[in-house]
Amino acid sequence: LELNEREAVIDGETRKIFSGIIGDETGKAQFTSWHDFKIKEGDVLRITGGYVKSWKGIPQLTFDSNASVKKLDRKKIGEKDLKSVRMPIHQLVEKRGALDVEIEGTIIDIRPGSGLVMRCPDCNRVLINDECSIHGKVKGNLDLRLKIVVDDGTGAVSSTLNKNLSEELLGVKLDDIKKMNNEDLLDDVNTKLFARRIILKGNALGDEFGTTVIPKSAELIDVNLNKERENLLKEIEELL
(Lines give C-alpha, C1' and ligand atoms only; values in the text may rest on other atoms or scores of the structure.)
Protein backbone atom coordinates (compact mmCIF):
# COMPACT_ATOMS: atom_id res chain seq x y z
CA LEU A 1 0.00 0.00 0.00
CA GLU A 2 1.27 3.47 -1.01
CA LEU A 3 -0.65 6.33 0.60
CA ASN A 4 -1.12 10.06 0.00
CA GLU A 5 -3.35 12.45 1.93
CA ARG A 6 -4.93 15.70 0.76
CA GLU A 7 -7.84 17.98 1.62
CA ALA A 8 -10.75 19.00 -0.58
CA VAL A 9 -13.80 21.21 -0.09
CA ILE A 10 -16.98 19.19 -0.74
CA ASP A 11 -20.33 21.02 -0.38
CA GLY A 12 -18.62 23.70 1.68
CA GLU A 13 -17.02 21.15 4.02
CA THR A 14 -13.29 20.44 4.15
CA ARG A 15 -12.70 16.72 3.96
CA LYS A 16 -9.62 14.54 3.95
CA ILE A 17 -9.15 12.29 0.94
CA PHE A 18 -6.73 9.39 0.96
CA SER A 19 -5.34 7.97 -2.28
CA GLY A 20 -2.49 5.86 -3.56
CA ILE A 21 -1.63 2.44 -4.96
CA ILE A 22 -2.90 -0.86 -3.63
CA GLY A 23 -1.88 -4.28 -4.92
CA ASP A 24 -1.76 -8.01 -4.43
CA GLU A 25 -0.26 -10.95 -6.27
CA THR A 26 -2.55 -10.35 -9.30
CA GLY A 27 -1.65 -6.71 -9.96
CA LYS A 28 -2.00 -3.14 -8.75
CA ALA A 29 -4.73 -0.49 -8.77
CA GLN A 30 -5.15 3.15 -7.84
CA PHE A 31 -7.46 3.76 -4.89
CA THR A 32 -9.34 6.65 -3.30
CA SER A 33 -10.79 6.55 0.21
CA TRP A 34 -13.32 9.21 1.26
CA HIS A 35 -13.07 8.18 4.90
CA ASP A 36 -10.18 8.02 7.36
CA PHE A 37 -9.75 4.34 8.14
CA LYS A 38 -6.41 5.05 9.86
CA ILE A 39 -4.58 3.05 7.22
CA LYS A 40 -0.82 3.39 6.74
CA GLU A 41 1.65 2.57 4.02
CA GLY A 42 2.55 -1.10 4.18
CA ASP A 43 -0.79 -2.16 5.67
CA VAL A 44 -2.43 -5.31 4.30
CA LEU A 45 -6.18 -4.79 4.06
CA ARG A 46 -9.40 -6.61 3.24
CA ILE A 47 -11.81 -4.09 1.73
CA THR A 48 -15.48 -4.81 1.10
CA GLY A 49 -18.19 -2.44 -0.01
CA GLY A 50 -16.10 -0.42 -2.47
CA TYR A 51 -16.41 -0.27 -6.24
CA VAL A 52 -13.96 -0.45 -9.12
CA LYS A 53 -14.01 1.49 -12.34
CA SER A 54 -11.41 1.91 -15.06
CA TRP A 55 -9.58 4.86 -16.61
CA LYS A 56 -7.72 4.03 -19.82
CA GLY A 57 -7.46 0.46 -18.61
CA ILE A 58 -6.12 1.40 -15.16
CA PRO A 59 -8.33 -0.09 -12.41
CA GLN A 60 -9.43 2.44 -9.78
CA LEU A 61 -10.86 1.37 -6.43
CA THR A 62 -13.07 3.83 -4.52
CA PHE A 63 -14.57 3.34 -1.05
CA ASP A 64 -16.05 5.48 1.74
CA SER A 65 -17.50 5.21 5.24
CA ASN A 66 -20.03 2.62 4.01
CA ALA A 67 -17.20 0.20 3.25
CA SER A 68 -15.60 -2.26 5.62
CA VAL A 69 -11.80 -2.09 5.93
CA LYS A 70 -10.09 -4.76 8.00
CA LYS A 71 -6.36 -4.84 8.67
CA LEU A 72 -4.69 -8.22 8.19
CA ASP A 73 -1.33 -9.72 9.10
CA ARG A 74 1.31 -7.92 7.03
CA LYS A 75 2.92 -11.24 6.19
CA LYS A 76 -0.23 -12.32 4.34
CA ILE A 77 1.03 -10.57 1.21
CA GLY A 78 4.81 -10.52 0.93
CA GLU A 79 6.90 -8.02 -0.99
CA LYS A 80 7.75 -10.69 -3.56
CA ASP A 81 4.05 -10.84 -4.47
CA LEU A 82 4.01 -7.11 -5.29
CA LYS A 83 6.72 -7.05 -7.95
CA SER A 84 5.96 -5.96 -11.52
CA VAL A 85 3.52 -8.35 -13.20
CA ARG A 86 5.01 -9.94 -16.33
CA MET A 87 2.35 -10.61 -18.95
CA PRO A 88 2.15 -11.40 -22.66
CA ILE A 89 1.25 -8.37 -24.76
CA HIS A 90 -2.08 -9.79 -25.97
CA GLN A 91 -3.23 -10.01 -22.36
CA LEU A 92 -2.17 -6.42 -21.72
CA VAL A 93 -4.05 -5.28 -24.83
CA GLU A 94 -7.15 -7.18 -23.72
CA LYS A 95 -6.96 -5.53 -20.28
CA ARG A 96 -6.44 -2.17 -22.07
CA GLY A 97 -3.96 -1.09 -19.42
CA ALA A 98 -2.24 -1.91 -16.14
CA LEU A 99 -0.11 -0.44 -13.36
CA ASP A 100 3.49 -1.56 -12.84
CA VAL A 101 3.56 -4.11 -15.64
CA GLU A 102 6.48 -5.78 -17.42
CA ILE A 103 6.56 -6.91 -21.04
CA GLU A 104 9.20 -8.46 -23.25
CA GLY A 105 9.19 -8.30 -27.02
CA THR A 106 11.00 -7.32 -30.20
CA ILE A 107 11.26 -3.75 -31.47
CA ILE A 108 9.56 -3.97 -34.86
CA ASP A 109 9.31 -0.27 -35.69
CA ILE A 110 10.98 3.05 -34.89
CA ARG A 111 8.10 5.46 -35.41
CA PRO A 112 8.16 8.95 -36.97
CA GLY A 113 8.68 11.62 -34.34
CA SER A 114 11.68 9.81 -32.87
CA GLY A 115 14.96 11.62 -32.41
CA LEU A 116 15.69 15.22 -31.49
CA VAL A 117 12.67 17.40 -30.74
CA MET A 118 12.05 20.88 -29.36
CA ARG A 119 9.70 21.23 -26.39
CA CYS A 120 7.69 24.16 -25.08
CA PRO A 121 9.39 25.61 -21.97
CA ASP A 122 5.97 26.19 -20.38
CA CYS A 123 4.01 22.96 -20.99
CA ASN A 124 6.67 20.57 -22.39
CA ARG A 125 4.64 19.86 -25.55
CA VAL A 126 6.63 19.08 -28.70
CA LEU A 127 6.86 22.14 -30.96
CA ILE A 128 5.82 22.04 -34.61
CA ASN A 129 7.61 24.65 -36.72
CA ASP A 130 8.78 26.34 -33.50
CA GLU A 131 5.20 26.74 -32.30
CA CYS A 132 3.39 25.26 -29.32
CA SER A 133 -0.27 24.37 -29.83
CA ILE A 134 -1.04 26.15 -26.54
CA HIS A 135 1.54 28.92 -26.13
CA GLY A 136 2.26 29.82 -29.74
CA LYS A 137 5.71 30.88 -30.94
CA VAL A 138 8.27 30.07 -28.24
CA LYS A 139 11.97 29.30 -27.87
CA GLY A 140 12.00 25.58 -27.32
CA ASN A 141 14.19 23.32 -25.23
CA LEU A 142 16.06 20.53 -27.01
CA ASP A 143 15.03 17.01 -26.04
CA LEU A 144 15.41 13.41 -27.17
CA ARG A 145 12.75 10.72 -27.42
CA LEU A 146 12.25 7.35 -29.08
CA LYS A 147 8.84 6.14 -30.24
CA ILE A 148 8.87 2.38 -30.73
CA VAL A 149 6.52 -0.52 -31.39
CA VAL A 150 7.18 -3.75 -29.47
CA ASP A 151 5.78 -7.15 -30.52
CA ASP A 152 6.07 -10.47 -28.67
CA GLY A 153 4.30 -12.67 -31.21
CA THR A 154 0.95 -12.41 -29.40
CA GLY A 155 0.36 -8.70 -29.90
CA ALA A 156 1.98 -5.28 -30.17
CA VAL A 157 2.09 -2.09 -28.11
CA SER A 158 3.64 1.33 -28.66
CA SER A 159 5.95 3.09 -26.25
CA THR A 160 7.71 6.44 -26.01
CA LEU A 161 11.07 6.52 -24.25
CA ASN A 162 12.16 9.75 -22.59
CA LYS A 163 15.63 11.29 -22.85
CA ASN A 164 17.18 9.31 -20.02
CA LEU A 165 15.95 5.93 -21.26
CA SER A 166 16.85 6.82 -24.87
CA GLU A 167 20.39 7.75 -23.83
CA GLU A 168 20.73 4.47 -21.91
CA LEU A 169 19.63 2.32 -24.84
CA LEU A 170 21.72 4.18 -27.40
CA GLY A 171 24.75 4.49 -25.13
CA VAL A 172 25.14 8.16 -26.12
CA LYS A 173 24.42 11.39 -24.24
CA LEU A 174 22.24 14.20 -25.62
CA ASP A 175 25.24 16.55 -25.73
CA ASP A 176 26.86 14.22 -28.28
CA ILE A 177 23.63 13.43 -30.11
CA LYS A 178 22.79 17.08 -30.77
CA LYS A 179 25.94 17.33 -32.88
CA MET A 180 24.34 14.86 -35.33
CA ASN A 181 21.68 15.69 -37.87
CA ASN A 182 18.39 13.88 -37.33
CA GLU A 183 18.80 11.64 -40.40
CA ASP A 184 22.15 10.28 -39.20
CA LEU A 185 20.71 9.91 -35.70
CA LEU A 186 17.75 7.85 -36.92
CA ASP A 187 20.08 5.64 -38.96
CA ASP A 188 22.06 5.02 -35.77
CA VAL A 189 18.87 4.35 -33.81
CA ASN A 190 17.67 1.78 -36.36
CA THR A 191 21.07 0.08 -36.43
CA LYS A 192 21.21 -0.22 -32.65
CA LEU A 193 17.56 -0.94 -31.81
CA PHE A 194 15.58 -2.35 -34.74
CA ALA A 195 14.76 -6.07 -34.27
CA ARG A 196 16.35 -6.04 -30.81
CA ARG A 197 14.70 -7.75 -27.85
CA ILE A 198 13.65 -5.39 -25.08
CA ILE A 199 12.06 -5.51 -21.61
CA LEU A 200 9.87 -2.57 -20.64
CA LYS A 201 8.59 -1.92 -17.12
CA GLY A 202 6.03 0.76 -16.34
CA ASN A 203 2.37 1.65 -16.63
CA ALA A 204 0.19 0.93 -19.65
CA LEU A 205 -2.74 3.00 -20.89
CA GLY A 206 -5.35 1.99 -23.44
CA ASP A 207 -7.60 4.14 -25.65
CA GLU A 208 -9.17 4.09 -29.10
CA PHE A 209 -5.69 4.28 -30.65
CA GLY A 210 -4.39 1.16 -28.89
CA THR A 211 -2.28 0.34 -25.85
CA THR A 212 0.76 2.42 -24.89
CA VAL A 213 3.42 1.52 -22.33
CA ILE A 214 4.85 4.46 -20.38
CA PRO A 215 8.17 2.95 -19.29
CA LYS A 216 10.00 3.58 -16.05
CA SER A 217 12.83 1.32 -17.23
CA ALA A 218 13.94 -0.23 -20.51
CA GLU A 219 16.55 -2.91 -21.04
CA LEU A 220 17.87 -4.51 -24.22
CA ILE A 221 18.55 -8.22 -23.89
CA ASP A 222 20.55 -10.62 -26.01
CA VAL A 223 18.69 -13.58 -27.43
CA ASN A 224 20.25 -17.05 -27.69
CA LEU A 225 19.14 -17.92 -31.21
CA ASN A 226 20.07 -21.60 -30.86
CA LYS A 227 17.97 -21.90 -27.71
CA GLU A 228 15.11 -20.01 -29.35
CA ARG A 229 15.24 -22.37 -32.33
CA GLU A 230 15.22 -25.41 -30.05
CA ASN A 231 12.21 -24.09 -28.14
CA LEU A 232 10.37 -23.38 -31.39
CA LEU A 233 11.07 -26.87 -32.73
CA LYS A 234 9.87 -28.36 -29.43
CA GLU A 235 6.63 -26.37 -29.67
CA ILE A 236 6.09 -27.55 -33.26
CA GLU A 237 6.72 -31.19 -32.27
CA GLU A 238 4.13 -30.90 -29.48
CA LEU A 239 1.56 -29.70 -32.01
CA LEU A 240 2.17 -32.61 -34.37
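Side chains included, hydrogens not; waters and symmetry mates left out as well; all remaining heavy atoms used. Since this is a predicted model, take the numbers as computed values, not measurements.
- With hydrogens and angles disregarded, a donor-acceptor distance shorter than 3.5 Å links the side chain of D24 to the backbone of T26.
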Between V150 and L200, is a side chain to side chain contact (heavy atoms under 4.5 Å, CB included) present by the stated rule, with each step listed? CA-CA 9 Å; V150 178; L200 296 177; 4.1 Å; yes
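- With hydrogens and angles left out, the side-chain atoms of D187 and N190 include no donor and acceptor closer than 3.5 Å.
- For the atom pair CD1 (I177) and CG (D184), the distance works out to 12.5 Å, reported to the nearest 0.5 Å.
- The 12-atom threshold is exceeded at CD1 of I10, counting heavy atoms of other residues, nucleotides or ligands nearer than 6.0 Å.
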Solution key, residues 14-23 side-chain donor-acceptor pairs under 3.5 Å, sequence neighbours excluded:
from, atom 1, to, atom 2, distance (Å)
R15, NH2, W34, O, 3.0
K16, NZ, E5, OE2, 3.4
S19, OG, R6, NH1, 3.4

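- Here CD1 of I103 is found 12.0 Å from NZ of K201. Values are rounded to the nearest 0.5 Å.
- Contact of the R125 side chain with the V138 side chain is not registered, since no non-hydrogen atoms from C-beta on lie closer than 4.5 Å.
- Counting only heavy atoms from C-beta outward, the side chains of L142 and L116 approach each other to under 4.5 Å.
- Placement of V52 and V101 in two distinct hydrophobic clusters is found when ILVMFWY residues are connected by side-chain heavy-atom separations under 4.5 Å, directly or transitively.
- In this structure a side-chain-to-backbone donor-acceptor pair under 3.5 Å is present from D64 to N66.
- Minimum interatomic distance between L92 and A98 (heavy atoms only, all atoms of both residues): CD1-CB, 3.9 Å.
- Through direct or relayed side-chain contacts under 4.5 Å between Ile, Leu, Val, Met, Phe, Trp and Tyr, F194 connects to no other residue.
- Side-chain atoms of I39 and L3, non-hydrogen and from C-beta on, do get closer than 4.5 Å to each other.
- When atom types are taken as modelled, the side chain of D36 and the backbone of K38 share a donor-acceptor pair closer than 3.5 angstrom.
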Does the pair L170 and V189 meet the rule for a side chain to side chain contact (heavy atoms under 4.5 Å, CB included), with working shown? CA-CA 7 Å; L170 296 175; V189 168; 4.0 Å; yes
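- Linking Ile, Leu, Val, Met, Phe, Trp and Tyr residues whenever their side-chain heavy atoms come within less than 4.5 Å leaves V85 and I199 in two separate clusters.
- In this structure, NE2 on H135 lies 5.0 Å from SG on C120, to the nearest 0.5 angstrom.
- The salt bridge (charged side-chain N to carboxylate O under 4.0 Å, His left out) contacts involving residues 138-159 comprise R119-D143, where partners must be two or more places apart or lie in separate chains.
- Side-chain contact between K163 and L174 is present, with heavy atoms from C-beta onward closer than 4.5 Å.
- Ring geometry for F63 versus F31: interplanar angle under 30°, hence parallel rather than tilted (30 to 60°).
- The closest side-chain heavy-atom distance from D176 to K173 is below 4.5 Å.
- Residues I198 and L169 have side chains in contact (heavy-atom distance under 4.5 Å, counting atoms from C-beta outward).
- Residue Y51 belongs to no hydrophobic cluster, having no ILVMFWY side-chain heavy atom closer than 4.5 Å to its own.
- Distance check, rounded to the nearest 0.5 Å: CD1 of I58 to NZ of K53 gives 13.5 Å.
- Following chains of ILVMFWY side-chain contacts shorter than 4.5 Å, one cannot reach V172 starting from V117, and the two form parts of different hydrophobic clusters.
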Passes side chain to side chain contact (heavy atoms under 4.5 Å, CB included), K71 versus L45? Steps please. CA-CA 5 Å; K71 294 186 179 182; L45 309 172; 3.7 Å; yes
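- One distance of note links CG of L144 with CG of L185; it measures 6.5 Å at 0.5 Å rounding.
- The 12-atom threshold is not exceeded at NZ of K70, counting heavy atoms of other residues, nucleotides or ligands nearer than 6.0 Å.
- Between A156 and V149, the shortest heavy-atom contact is CB-CG1, 4.1 Å.
- Under the 4.5 Å side-chain heavy-atom criterion for ILVMFWY residues, a single connected hydrophobic cluster contains both M180 and L161.
- Checking side-chain atoms of S33 against main-chain N and O of H35 turns up a donor-acceptor pair under 3.5 Å.
- How far CD1 of I107 is from CG of L193: 5.0 Å, rounded to the nearest 0.5 Å.
- Residues K40 and D43 have side chains in contact (heavy-atom distance under 4.5 Å, counting atoms from C-beta outward).
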Below 3.5 Å, can you tabulate the donor-acceptor pairs from side chains in residues 204-218 to any protein atom, sequence neighbours excluded?
from, atom 1, to, atom 2, distance (Å)
D207, OD1, F209, N, 2.8
D207, OD1, G210, N, 3.3
T212, OG1, S158, OG, 3.2

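- Side-chain contact between L99 and Q30 is present, with at least one heavy-atom pair separated by less than 4.5 Å.
- Listed by first and then second residue, the side-chain hydrogen bond (donor to acceptor under 3.5 Å, both in side chains) pairs that reach into residues 86-101 are K28-D100, S84-D100, R86-E102, R86-E104, H90-E94, sequence neighbours excluded.
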